[in-house]
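The block underneath contains the structure these notes are about, expressed in structure tokens.
Counting starts at 1 for both ligands and their atoms, in listed order.
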Amino acid sequence: MSTYWSPIVASLKPYVAGEQPRIENLVKLNTNENPYGPSPIAIDAIKAAASDSLKLYPDANAVALRKAIAKRYGVTADEVFVGNGSDEVLAHTFVALLNHESPLLYPDISYSFYPTYCRLFGIDAVEVPLTEDFTVDLADYNRPAGAIILPNPNAPTGIGLPLSAIEALVAEHRDIPVVIDEAYVDFGGETAVPLTRKYDNLLVVQTLSKSRSLAGLRVGFAIGQRPLIDALERVKDSFNSYPLDRAAQAGAIAAIEDEAWFDETRLKVMASRERVTGALRQRGFEVLPSLANFVFARHPDRSGEALAKGLRERAVLVRHFAKPRISDFLRITIGTSEDCDRLIAALDDIL
Ligand SMILES: *Cc1c(COP(=O)(O)O)cnc(C)c1O
């Protein structure tokens, strides 16, 4: 605390990112990175962008990237908004679309950046409890609301809703913005992007950090009808006109266009997820049905804290949340086959 601080700073509770430690031979399964790395074509494009042209500002409107995303998802470029990671896209969304007189609704077990943004931007929110089996019951969202945000698949549970349920939610709340955060949708979920054509209250947010293995490049995007995108552009141009540098724009275009690499790597992750789920269940774990690149699991006889500690001692890092209802769960990112083998071996050693 310091008298130099603005009044709001002391009241903030910043989001705590998963650690990025330097431990030798570490199996890093704590931040949902994709172990297969970016498309080699994207890496080449990023290298080519490291040129004298860096003396010039990048395209403030990232037109070429928005066109590439629009083509891939069957929309027009002016229905696409891009930002410095989907965290930034979400931050602008909270300011532009989710701050209303009535409260914002999101699940009590969800992406922990949402309450952080609410505090930063002074947004009134209601955390809607997930059901006993950690699923979203749409009926629970039939209450006074200024907006709704929902990750699908949800994090950290990994549980996904079918497109029909998302459509029901969006249709039920025609008078307020509904934002679907699809950070993990490419690992088996159904994207709601096609619904943006029909519903002007729907915004879909995605990222290149997970399925396209570009967490280090910081590129995310949102798709929706023009009035919603216009709101995001107004906030962006009141904050930072150039959120995506030249390398990020070039690399993101190449990554979006390399469909073969995208499919090959995400299918490998999905296959490993099924193998890890089976191996954990064999060892007595309860594993929630995941459509993401991680699993959420608990053991009936061991606390989540003790398991996370034991794994860490064996150089396997997973994420543990010391929060009500989920403190006995571990969120385990799906790594390479070898990473998964080392996880299972370490658990056998502990158990
Ligand atoms: C990882 C994640 C994001 C943000 O990813 P960026 O790296 O900022 O694009 C957004 N939402 C959820 C639910 C996530 O898990």
Side-chain angles (χ1 to χ4, degrees), residues 14-20 28-35 37-38 42 62 65 69 80-94 98 104 106-118 120 127 130 134 136 148-161 166 178-189 191-192 203-223 232 236 239-240 243-245 248-249 251-252 255-256 266 269 273 288 290-296 318-319 321 323 326 329 331-334:
Y15 174 78
V16 183
E19 27 166 5
Q20 302 281 357
K28 193 171 174 306
L29 306 177
N30 69 327
T31 51
N32 296 344
E33 286 141 335
N34 179 332
L65 172 57
I69 293 169
V80 178
F81 177 82
V82 293
N84 188 252
S86 62
D87 283 339
E88 187 187 76
V89 175
L90 288 168
H92 291 342
T93 301
F94 273 66
L98 304 184
L104 170 66
Y106 55 80
D108 63 335
I109 297 166
S110 185
Y111 190 33
S112 43
F113 231 126
Y114 302 161
T116 301
Y117 288 140
C118 287
L120 176 61
E127 301 194 344
L130 293 182
F134 300 102
V136 171
I148 296 172
I149 183 165
L150 200 65
N152 190 44
N154 195 10
T157 63
I159 295 174
L161 285 171
I166 297 296
V178 176
V179 177
I180 306 298
D181 180 353
E182 296 189 343
Y184 301 103
V185 76
D186 296 322
F187 300 105
T191 181
L203 186 80
V204 178
V205 178
Q206 290 201 10
T207 176
L208 274 66
S209 296
K210 315 282 167 51
S211 55
R212 290 185 176 82
S213 201
L214 280 168
L217 198 66
R218 313 305 304 131
V219 182
F221 59 92
I223 294 177
L232 293 174
K236 172 229 166 209
F239 178 76
N240 176 5
L244 291 189
D245 58 62
Q249 294 187 31
I256 291 285
R266 75 193 178 97
V269 168
R273 176 184 71 211
L288 302 188
S290 172
L291 289 176
N293 68 336
F294 57 84
V295 292
F296 205 48
V318 300
R319 193 95 199 255
F321 300 91
K323 279 190 187 167
I326 56 169
F329 279 87
R331 193 197 66 189
I332 307 170
T333 304
I334 302 302

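- Looking at N32 and Y184, their side chains do bring a donor and an acceptor atom within 3.5 Å of each other.
- Less than 4.0 angstrom separates some heavy atom of G85 from each of these atoms of ligand 1: 8 (O), 9 (O).
- Both the backbone and the side chain of D87 come within contact range of ligand 1, each with a heavy atom under 4.0 Å.
- Using modelled atom types, one finds a donor on one side chain and an acceptor on the other under 3.5 Å when comparing K28 with T31.
- By the 4.0 Å heavy-atom criterion, F113 is excluded from the residues contacting ligand 1.
- In the vicinity of K210, heavy-atom distances shorter than 4.0 Å reach the ligand 1 atoms 1 (C), 2 (C), 3 (C), 5 (O), 14 (C), 15 (O).
- The nearest protein atom to atom 13 (C) of ligand 1, hydrogens excluded, is given as D181 OD2, 3.4 Å; this is a heavy-atom distance.
- Between Y117 and F94, the two ring planes are tilted [angle within 30° to 60°].
- An N or O contact shorter than 3.5 Å links S86 to ligand 1 by distance.
- For R319 (side chain) and P156 (main-chain N/O), no donor-acceptor pair under 3.5 Å exists by modelled atom type.
- Using a 4.5 Å heavy-atom cutoff, the side chains of E127 and S110 are not in contact.
- Contacts of R218 with ligand 1, taken as heavy-atom pairs under 4.0 Å, involve the side chain alone.
- Side chain of N154 to main chain of I109: a donor-acceptor pair is present (N/O by atom type, distance under 3.5 Å, no hydrogens or angles).
- Not a single heavy atom of N32 sits less than 4.0 Å from an atom of ligand 1.
- Closest heavy-atom approach to atom 7 (O) of ligand 1 within the set A183, A17, S209, A215: this belongs to S209.
- In this structure, F296 and S290 have side chains that are not in contact, with every pair of non-hydrogen atoms separated by 4.5 Å or more.
- Taking atom 15 (O) of ligand 1 as the reference point, the nearest protein heavy-atom neighbour is Y184 OH, 2.5 Å.
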